[in-house]
*Asks:* 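Below is a structure I'd like to ask you about.
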Amino acid sequence: MTERKLLSDLVPQPDDDMVVCRCEEITKGEIRRAVHDGMFNIHEARRFLRCGMGLCQGQTCGRLVKAIIARELGISQSELDDATGRAPMRPTEMRIIASEVFGE
Amino acid sequence: MSKIIIVGAGAIGNAAAYYLAKTGVQVTVLEKSPYIGNGGSSRNGGGVRQSGRHPAELPLVMYGVKNIWPSLSDELGMDIEYYREGNLRLGKTEQHLEILRGLVKNAQAGGLDMRMVDSAEARELCPYLSGEVIGASWCPTDGHANPLLVTLAYYSAARRLGVTFVSGAQVTALRKLRGRVTAVVTADGTVYEADGVIVAAGYDSRKLLGSVGLDVPMNPVVLETLVTEESPPLFYQMLGTAMADFYGHQSTHGSFVFGGTHGLEPYADGSRTVGSSISASSTCRGIIGFFPVLKELKILRTWAGVIDDCADHIPVIGNPAETPGLTVGCGFSGHGFGLSPVAGLLLSQLALGQETALPLDKFRCDRFKAKV
Ligand SMILES: Cc1cc2nc3c(=O)[nH]c(=O)nc-3n(C[C@H](O)[C@H](O)[C@H](O)COP(=O)(O)OP(=O)(O)OC[C@H]3O[C@@H](n4cnc5c(N)ncnc54)[C@H](O)[C@@H]3O)c2cc1C
């Protein structure tokens, strides 16, 4: 059980401008802000900010986002789940997903 | 000062928490999942639709579209991406148009501005339609919003107002004390006490209500949705079809979010939030059939969610007479996102024993009767 307590004030950091999710251009500062807004895990952060929801679906930034959230909460990264992978495994045209014709 | 417990941190539970906290009530929200808003509320298609609604639900959603949705971003302090750009429901055959005319007739009877448009007017509203579209229904005040943001913005704003949220807290039973529902028990045996309890736990509400002798006849049904890569802005109406083979919209981000039904939903295992192999293909065929221009757009992600499908497909919103202290909001039957702000407001009023903003007789818990 996790109580979603308010955290102490958000202290700016020199690298808050660093882009963490390159697909959606989400910065470290935005992720830290979202943790203070109550997003305590990668699932909520993704839904709130779109980090890891772009073309690569978080394959590049997933670990970094988790590390930032864990540090902000003062917990170990191992206490946080990974993001959920979803089909299709890579971006696929609607035309191809729509087709159920074999051998063409 | 009174104290209320809410079971379920979906859009509806979170909205109720927010409106209660605004009145100064002390609120605790208990959520089974480790993640806030992990149920239908973060998995839906984002439709804020009045057209095609059950006549009983129409006044509720119209109230929301008039009084709550337009200012919700300001209210919650973040852009929840609400668009009121209308809803086009498309038809390709005379049979489709017949279905659409029926929807228009119902809507007009309920005082909603909705009408039929011919293919030329439909194309004027949305130039990307397939040439096969022969007509559509048009409701200019329908729209869509970002359900992930609405759910989490209510949560975040309520938390700022001092609401206690506990995730990973599964409520296993409601408890009566001297005839009033004033406590709940969680899986680890913790007892939470309050002056009243709101149950807004989707399909799982059924089991919880059973613990105090109430039953809401509902089934869990899996629905599926998908999202595309980003595209330049094309149109911002909500789109649908007479046969409901797909519906969707373009988001602020530029991606399109589409849902669809393939027809075999009632035969899937509703206890597991798992997508089927036929759904995305079926939805994509539906989309391409009406919007050939989108066929090269890439799908990034597909997912499934469970709805709480009530016997008469409208929700239960009320204080059952047999269980003072208890307020129920469940059975939203796959269209509760558009209703979530008004449902949250009504639940907050019910929990405080206030007069509700709208009459709720049609949503009573005791309306389900045997057929003979
Ligand atoms: C794929 C899909 C598409 C949809 N499209 C639309 C649409 O376009 N427009 C529209 O208006 N609606 C749509 N809906 C319906 C809409 O999502 C729901 O009606 C709405 O989200 C219901 O909100 P809720 O808060 O009641 O439910 P939920 O979001 O399911 O919240 C219930 C919460 O209760 C929690 N809970 C359950 N049991 C317990 C327990 N024992 N203890 C503690 N917590 C518990 C759950 O974990 C969950 O977080 C769609 C639904 C799906 C699945």
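The figures that follow rest on heavy atoms only: side chains count, while hydrogens, waters and symmetry mates do not. Chain A is the first sequence line, chain B the second, and so forth, proteins listed ahead of strands; every chain is numbered from 1.
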*Asks:* Who among B:Ser255, B:Ser42, B:Ala187 has the most heavy-atom pairs with chain A under 4.5 Å?
*Replies:* B:Ser42

*Asks:* Count the heavy-atom pairs under 4.5 Å between each of B:Ile36, B:Thr186, B:Ile288 and chain A, then report the option with the highest count.
*Replies:* B:Ile36

*Asks:* Report yes or no: does B:Arg285 contribute a side-chain atom to a donor-acceptor pair with the main-chain N or O of A:Ala98 at less than 3.5 Å?
*Replies:*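 At least one qualifying donor-acceptor pair exists.
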
*Asks:* Any side-chain heavy-atom pair from B:His253 and A:Arg50 closer than 4.5 angstrom?
*Replies:*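 Yes, close enough: below the 4.5 Å cut-off.
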
*Asks:* Nearest 0.5 Å, what's the CD1-OG distance between A:Ile97 and B:Ser281?
*Replies:* 7.0 Å

*Asks:* So which of B:Cys284, B:Ser282, B:Gly37 has the biggest tally of heavy-atom pairs under 4.5 Å with chain A?
*Replies:* B:Cys284

*Asks:* Do other residues, nucleotides or ligands put more than 12 heavy atoms under 6.0 Å from B:Glu193 CD?
*Replies:* no

*Asks:* Within this structure, what is the CZ-CG distance for the pair A:Phe48 and B:Leu149, rounded to the nearest 0.5 Å?
*Replies:* 7.0 Å

*Asks:* Which one of A:Ile42, A:Asn41, A:Thr2 satisfies the side-chain contact (heavy atoms from CB on, under 4.5 Å) criterion with B:Tyr35?
*Replies:*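 By the side-chain contact (heavy atoms from CB on, under 4.5 Å) criterion, B:Tyr35 pairs with just one of A:Ile42, A:Asn41, A:Thr2: A:Asn41.
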
*Asks:* Grab the two heavy atoms, one from B:Gly168 and one from A:Met1, that are nearest each other, plus how far apart they are.
*Replies:*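 In this case the closest contact between B:Gly168 and A:Met1 is O-CG, 3.2 Å.
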
*Asks:* Where on B:Thr28 is there a heavy atom nearer than 4.5 Å to chain A: the side chain, the backbone, both, or neither?
*Replies:*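 Neither part, no heavy atoms under 4.5 Å.
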
*Asks:* For the SG atom of A:Cys23 and the CD atom of B:Glu230, what is their distance to the nearest 0.5 Å?
*Replies:*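 So the gap between those two atoms works out to 10.5 Å.
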
*Asks:* Under 3.5 Å, is there a donor-acceptor pair between the side chain of B:Thr302 and the main chain of A:Ala87?
*Replies:*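 Yes.
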
*Asks:* Should the heavy atoms of other residues, nucleotides or ligands under 6.0 Å from CZ of B:Arg175 be counted, would the total exceed 12?
*Replies:* no

*Asks:* Counting heavy atoms not belonging to B:Met78, are there more than 12 under 6.0 Å from its CE?
*Replies:*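 Atom CE in B:Met78 is crowded, with more than 12 foreign heavy atoms closer than 6.0 Å.
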
*Asks:* Give, as side chain, backbone, both or neither, the part of B:Thr228 having an atom under 4.5 angstrom from any heavy atom of chain A.
*Replies:*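 Just the side chain, heavy atoms under 4.5 Å.
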
*Asks:* Kindly indicate whether the side chain of A:Pro91, heavy atoms from C-beta on, has any atom under 4.5 Å from the side chain of B:Glu229.
*Replies:*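 Result no, sub-4.5 Å side-chain heavy-atom pair not found.
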
*Asks:* Below 4.5 Å from any heavy atom of chain A, which atoms of B:Pro292 appear? Answer side chain, backbone, both or neither.
*Replies:* neither

*Asks:* For chain B, which of A:Met89, A:Arg90, A:Arg46 has the most heavy-atom pairs under 4.5 Å?
*Replies:*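 Top option by heavy-atom pairs under 4.5 Å: A:Arg46.
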
*Asks:* State, to 0.1 Å, how close B:Arg159 and A:Lys5 come at their nearest heavy-atom pair, and which atoms those are.
*Replies:* NH2-O, 2.8 Å

*Asks:* Could you point out which residue of A:Glu44, A:Arg4, A:Glu3 forms a side chain to side chain donor-acceptor pair (under 3.5 Å) with B:Ser167?
*Replies:*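 With B:Ser167 as partner, side chain to side chain donor-acceptor pair (under 3.5 Å) holds for just one option, A:Arg4.
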
*Asks:* Which bit of B:Ile299 is near chain A, if near means a heavy-atom gap under 4.5 Å: side chain, backbone, both or neither?
*Replies:* both

*Asks:* Give a yes or no on whether a salt bridge exists between A:Arg95 and B:Glu296, defined as a side-chain N under 4.0 angstrom from a carboxylate O.
*Replies:*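 A salt bridge links A:Arg95 with B:Glu296.
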
*Asks:* For a quick check under 3.5 Å, do A:Asp37 and B:Tyr155 share a side-chain donor-acceptor pair by atom type?
*Replies:* no

*Asks:* Examine whether an atom of B:Phe256 lies under 4.5 Å from a heavy atom of chain A, and if so say whether it belongs to the side chain, the backbone or both; otherwise answer neither.
*Replies:* neither

*Asks:* Report the C-alpha distance between B:Lys295 and A:Glu93 in whole Å, list the side-chain angles of each, state the deciding distance to 0.1 Å, and finish with yes or no for side-chain contact (heavy atoms from CB on, under 4.5 Å).
*Replies:* CA-CA 7 Å; B:Lys295 70 175 190 287; A:Glu93 288 82 357; over 6 Å; no

*Asks:* Determine whether the side chains of A:Arg47 and B:Asn38 contain a donor N or O and an acceptor N or O closer than 3.5 Å.
*Replies:*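 Yes, side-chain donor-acceptor contact under 3.5 Å.
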
*Asks:* Using non-hydrogen atoms only, which part of B:Leu30 is less than 4.5 Å away from chain A: side chain, backbone, both, or neither?
*Replies:*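 Neither; nothing under 4.5 Å.
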
